[in-house]
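Single-structure report; data block below.
Below, read A as the first sequence line, B as the second, and so on, with proteins coming before strands; counting in each chain starts at 1.
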Amino acid sequence: MKTTATKRRAVAIARRHEPIWQLHLYVINQTPKSVAALVNLKGICEAHLKGHYQITVIDLAQQPQLAKADQIMAVPTVVRKFPTPLRTMIGTLSNTPSVLAGLDIMQPAA
Amino acid sequence: MTKRIPSPTPTSDRLPKCPSGIKGLDEITGGGLPRGRPTLVCGGAGCGKTLMAAEFLVRGAVQFDEPGVLMAFEETEKELNANVASLGFDLAGLVQRKKIVVDYVHIERSEFEESGEYDLEGLFVRLGHAIDSIGAKRVVLDTLEVLFASLPNEAVLRSELRRLFRWLKEKGVTAVITAERGRESLTRHGLEEYVSDCVILLDHRVNDQIATRHLRVVKYRGALHGTNEFPFLIGEDGISVLPITSLALNHQVSTERIATGIPRLDAMLGGKGFFRGSSILLTGTSGTGKTIISSNFAQAAALRGERVLFFSFEESPNQIIRNMHSIGLRLEPLVKRDLLRFHSARPSLYGLEMHLATMFKEIATYKPHVVIIDPITSLMDLGTDSEGKGMVTRLIDYLKANQVTSLFTSLTQGGKAPQESEAAMSSLMDAWILLQDFEGNGERNRVLYVLKARGMKHSNQIREFLISDHGIDVVDAYIGVSGVLTGSARVAQGDLEKAAVLASQQEAAQLKREVERKRAALERKISDLRSDYESEALELRRIAEQVGTRTFVLGTERVASGLLRQADIKVAAITRSKSKTVKGTS
């Protein structure tokens, strides 16, 4: 789901030695929960990680083998792949403070 | 591997069953676990839940061509491989051959943060994918309860579990779900309310410092099942449940008789020895010669070319061989020819069930004709009376079903009537030989008698037997005024009898001499009489001759006078012939 815009932005950030957050969102089909999770995650990232994040949505209905490989059990699940260590959150991510705490999202430098 | 248990006849009104392949479990459940439904296996820590579940999968894949999925929540694939490898299962190989899929679900609470609604669809997808990838028929979830510890929202979890079990049923897979035993309920988190078709409870108890595992089918919806608690054990080749009542009393019997190795004992048993396939009890206090008689029996069987398995719980094989050598039994060559095999173990080495299972295994691999257990009482002391009897029953049933002749020795305690102390066992035995010590006259002598021998005529005598350089010698019975005579009393009685025989022999000889003498005297008399008669006869003849001569002389005188008196010639002729007759008789 990479867009040329985020790519360009990523390159720009890398040049500035700032980390790009890699977030994987695991969902199954386009259920209301899946949609809500993606919307909430995007909203939080835009608010706190603008320009420093990359969200990959993985539909386990299409790639069921990834459920085992990435140890997914509940959906929706968001996994912070980078920066390490791995952080996992489950649910629709409706509670913003707990998402910020769970994914350990710092306020980026202005 | 175990024998394949035939699945019950598929009738429409009968619950289809899925054979587990676990020894004994299918007998208790009447064919296996409910097919296409989940079964709950619960128990405390270390009671063998995971192993039972794993064996269910492995046997399914190997014996019944039913691939399986193992979803593990506690142990990683590597750990599982190692754990089941100790039971001889090649899990990794089966995974490689696409017979089994192992999916380790790694969850740690610290890594889980929750925010908003979620479900466990991911788990369903994972499981569904694993099932579809190999066409699995069996599923094991070990153990779901980890989820309770890791997932913060129990309400979600419970509804998802309910959905999961419904989903498993729809998938048509036979599932085994393991769960930790709860303090008051069957499982700690009440999983039994979701899995209601079949519940198996495992238990690990310690009695007298010996641990025994037990299995009980708590519930089996829609099927008859054994409700008792059955001991089970985890051996080198998996789990074996030992159903006490698995064998009905319908084994084949043989009319063939086998010798005991002691000819005089055979004679006491209707002249032919024991029936093949019968169970024989040999009881006696210590030092009465139980092991010696057993060894004799073993040697006789091995020399006939039969295989003999000797379970010894008191002596090591070498000790038995050495000791028996001293009485002229040469067991070593038989061991070398593999006609005689010893299995020695201390009774306290492990529990009753483990002993029984090891014995079953030895018997199954060696296939002996004769099994000797010396002594059975050491084993029975390990458990309670009922456990001991249960064990002997199972052992005898097993041996009889295989037409194996079994000899059990039993050590009786002094002071108790042997008939009383063996009450638990004796009714199971076909023949019972009692060995006893007789004390008296400052000596101790061994006697034996046949207390019972089903189906044959047997001696009712108490017989003394001697143990000498050349084995066992049952000697003649001497009955004295006070009962059976043994030892020196018997010898003394023997001497007395010998003396009596000698005396009567002498008497007879004397009589014979007397008769002889009388006959000689008679003969002498006869010859005397004869010589008397002869001398008399001689005398008579002489007289007769004299008479004749006189007549003749008279005749001639008469003729002469007749001539003189003119007598006729006729008279003269008569006289001449008379004189001739007299001459002839002399």
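When heavy atoms are compared at a cutoff of 4.5 Å, Y104(B) approaches chain A by way of both its backbone and its side chain. Proximity to chain B (any heavy atom under 4.5 Å) is shown, for K68(A), by both the backbone and the side chain. Of the atoms belonging to I28(A), it is side-chain heavy atoms, and not backbone ones, that fall under 4.5 Å from chain B.
For the set G102(A), A37(A), A61(A), P64(A), the count of heavy-atom pairs under 4.5 angstrom toward chain B peaks at P64(A). In terms of non-hydrogen atom pairs under 4.5 Å with chain A, the most contact-rich of V105(B), D119(B), L120(B), D103(B) is D119(B). Highest contact tally toward chain A, considering only V125(B), L127(B), V156(B), D132(B), is held by V125(B) [criterion: heavy-atom pairs under 4.5 Å]. Ranked by non-hydrogen atom pairs under 4.5 Å with chain A, the options E117(B), E121(B), E114(B), R126(B) are led by R126(B).
At most 12 non-hydrogen atoms from other residues, nucleotides or ligands lie less than 6.0 angstrom from CD of Q96(B). More than 12 heavy atoms of other shown residues, nucleotides or ligands fall within 6.0 angstrom of atom NZ in K81(A). Within a 6.0 Å sphere centred on NZ of K137(B), other residues, nucleotides and ligands contribute 12 heavy atoms or fewer. Other residues, nucleotides and ligands contribute at most 12 non-hydrogen atoms within 6.0 Å of the CD atom of Q30(A). Shown here is K42(A), whose NZ atom has no more than 12 heavy atoms of other residues, nucleotides or ligands within 6.0 Å.
Between the OG atom in S150(B) and the CE atom in M73(A) there is a gap of 6.5 Å [rounded to 0.5 Å]. Atom CD1 of I90(A) sits about 9.5 Å away from atom OG of S115(B), to the nearest 0.5 Å.
In this structure a side-chain-to-backbone donor-acceptor pair under 3.5 Å is present from Q71(A) to H106(B).
Closest non-hydrogen pair, A74(A) versus Y118(B), comes out as CB-CD1, 3.8 Å.
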